[in-house]
Amino acid sequence: MQIYNSLNRRKEEFVPLESGKIGIYACGVTVYDLCHIGHARSLVVFDVIYRYLKYRGYDVNFVRNFTDIDDKIIKRSNERGITWKALAEQYIDEFYKDMDRLGLLKPTHEPRATDHIEEIVKLVQKLEEKGLAYEVDGDVYYRLQRFKGYGKLSGKNVDDLLSGARVEVDDRKESPLDFALWKRSKADEPSWPSPWGEGRPGWHIECSAMSQKFLGDTFDIHGGGKDLVFPHHENEIAQSEGASGKPLAHYWVHNGFVNIDQEKMSKSLGNFLTIRELLEECHPEVLRFFVVASHYRSPIDFSQESVTVAAAGLERLYHSLDRLLEKAAGSVAAESCSLDEKIEAWRQDFIVAMDDDFNSAAAVAVLFDASKEINRWLDEETKAIAPQAAARVAGFLRELGGTLGLLQENPRGFLQRTTGKGNDQLDVEEIEGLIVGRATARKERNWAEADRIRDLLDAKGVVLKDSAEGTKWQRKR
RNA sequence: GGCGCCAUCGCCAAGUGGUAAGGCAGAGGUCUGCAAAACCUCCAUCCCCGGUUCAAAUCCGGGUGGCGCCUCCA
């Protein structure tokens with residue numbers, strides 16, 4: 001397996017520290033607001049990596065944290081007149097709601113910064129002992145220039161940073177680049193006791209402390225959005241490696257951004273879209289499909305059209321699954337069928353694609369190849385297909401799809417879902433009642449009436465598909 | 001100013017030395033009462049200019065055009 005390592009900017013053969021086991025840490029969210037689709041991409045990307053590594057038989061220890069104390073949380077809780085704790089709890093709840101709807105697997109551990117103050121304090125103390133940190137009036141800073149190798153992840157060098165630094169007015173720091181490990185708390189701010197007085201952790205230290213606790217000094221993969229490369233991950237390296245003297249992670253994986261209508265998504269531009277808002281009009285798997293249809297490192301452009309295209313593609317896959325399930329019955333273990341060899345070949349192709357730096361776009365193409373071939377098989381051998389064979393092929397499609405978090409819904413339910421775009425004017429009973437009426441008209445060769453009903457359904461967002469077995473329907477996108 | 005990424009069919013998007021995956025859209029056909037769906041067929045030589053090589057979308061150099069980071073950010 002090859003993984004692109006941000007540390008060296010090239011693909012490298014992936015070799016786990018311990019054979020068969022993988023430790024992975026993905027930076028989670030700071031809980032002061034609802035998650036947006038940029039979070040969604042990152043969450044889905046690492047969920048897929050997690051799923052795939054497990055699929056390949058690894059024992060994966062996946063850690064994703066919550067940063068539940070920081071300046072933004074304090075600021076917002078003050079604005080709302082609630083405690084920082086209440087705000088954090090609220091958004092952790094909201095996070096879980098989004099996560100469930102997106103079908104994200106639960107990580108092995110989901111540690112919170114404020115549950116690890118003790119570890120954080122110890123880590124800061126260790127850095128202080130090593131001369132890599134110093135205290136000023138209850139604040140503790142990282143002594144950046146004492147750490148060799150600062151900038152190795154983000155490709156920056158300290159001199160450039162110094163000359164380009166937007167000068168902070170803080171003479172207490174030895175260097176403008178030094179960053180806070182521990183912050184003395186003001187009167188009514190949340191605080192914890194420490195050797196430097198009452199205070200709270202700085203931004204980056206919690207990840208160093210928690211990754212160390214759950215994964216050790218050195219682990220396999222560390223990831224997050226591209227925007228975390230600098231300064232967050234660079235600082236994590238300085239903290240963790242400064243303290244332990246060992247490499248933090250062997251492979252650094254960063255996902256690309258989400259743009260909206262070719263523009264960077266940002267609050268100031270007002271083109272911010274929360275996961276919640278998006279899910280009102282598109283199925284979670286459609287969002288996943290959209291994410292997974294591009295390589296995780298490329299920037300992706302989100303738009304109304306891109307969602308529609310993603311939905312069209314996913315529906316194509318679900319349609320094959322629907323046809324298979326219609327024929328399927330009984331136990332999956334059955335006599336061989338003419339698709340068996342191809343199934344094995346597709347599985348291999350899929351693995352080859354995903355083994356190449358999690359190339360989910362190429363993996364999705366394998367799904368489409370399979371879908372096309374399966375449809376042909378269904379068309380040509382209809383009568384000869386054993387129910388068990390159909391069940392097995394369906395199971396295969398879901399096996400690969402499941403690795404990407406796709407095709408887990410009931411296909412009929414998926415195809416007949418409403419999208420909040422005017423295709424939900426009729427409920428299932430009404431639709432099926434009309435279809436029965438149309439069937440009667442067709443039997444009587446009353447084409448005018450049959451077409452009238454079809455047009456009526458069409459106008460209400462329902463598309464009909466006639467076949468020898470009867471009429472199926474689905475809702476329009 | 002410093003560091004880095006990208007440029008492939010109408011749109012989206014794989015492909016990092018051996019002669020361009022896949023999806024959407026489009027054209028023709030099969031099926032259908034007619035449609036829809038499905039299936040079959042068709043649909044690009046890879047931003048420009050040099051270079052390396054038997055061979056380059058793929059490597060190197062130079063352009064042009066996008067974008068990101070350097071401040072909170074997935």
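It should be emphasised that the depicted structure is a prediction, and the values quoted were computed from it without experimental measurement. Just the heavy atoms: all of them, side chains too, but no hydrogens, waters or symmetry mates, feed the values below.
Between A:His254 and A:His233, the ring planes lie tilted relative to each other; the angle falls in the 30° to 60° range. Between A:Tyr150 and A:Phe230, the ring planes are perpendicular. Angles over 60° get that label, and only those under 30° would be called parallel. Relative ring orientation between A:Phe62 and A:Tyr50 is described as tilted, the plane-to-plane angle lying within the 30° to 60° band. Using the six-membered ring where Trp is involved, A:His36 and A:His39 have ring planes that are tilted, between 30° and 60° apart.
Taking only side-chain nitrogens and oxygens, A:Lys372 comes nearer than 4.0 Å to OP1 or OP2 of B:C40. Phosphate proximity of B:C73 to A:Trp203: present, with a side-chain N or O under 4.0 Å from OP1 or OP2. Here A:Ser298 reaches the OP1 or OP2 of B:A14: one of its side-chain N or O atoms lies under 4.0 Å away. Between A:Lys226 and the phosphate of B:C6, there is no side-chain N or O to OP1/OP2 separation shorter than 4.0 Å. Using a 4.0 Å cut-off, no side-chain N or O of A:Asn359 falls inside it from OP1 or OP2 of B:A14. Between A:Arg297 and B:A74, a side-chain N or O to OP1/OP2 separation shorter than 4.0 Å is absent. Neither OP1 nor OP2 of B:G33 sits under 4.0 Å from any side-chain N or O of A:Arg442.
Counting any heavy atom pair closer than 4.0 Å across all strands shown, A:Val364 reaches no nucleic acid atom. Among the atoms of the strands shown, none is found under 4.0 Å from any heavy atom of A:Asn259. The residue A:Asp369 sits close only to the backbone: its heavy atoms come under 4.0 Å of sugar-phosphate atoms, none of a base. Residue-level contact check: A:Leu228 touches the backbone only, with heavy atoms under 4.0 Å from sugar-phosphate atoms and none from bases. Among the heavy atoms of the strands, none lies under 4.0 Å from A:Arg445. Across all strands shown, A:Val258 has heavy atoms under 4.0 Å from base atoms, whether or not it also approaches the sugar-phosphate.
A straight line from NE2 of A:His254 to P of B:C6 spans 16 Å, rounded to a whole angstrom. Across the protein-nucleic acid pair, A:Leu415 atom CG and B:A36 atom C1' stand 14 Å apart, rounded to whole Å. The separation between A:Glu373 atom CD and B:A38 atom P is 16 Å, rounded to whole Å.
For A:Trp447 and B:G33, the ring-to-base geometry satisfies the stacking test (centroid distance below 5.5 Å, interplanar angle below 30°).
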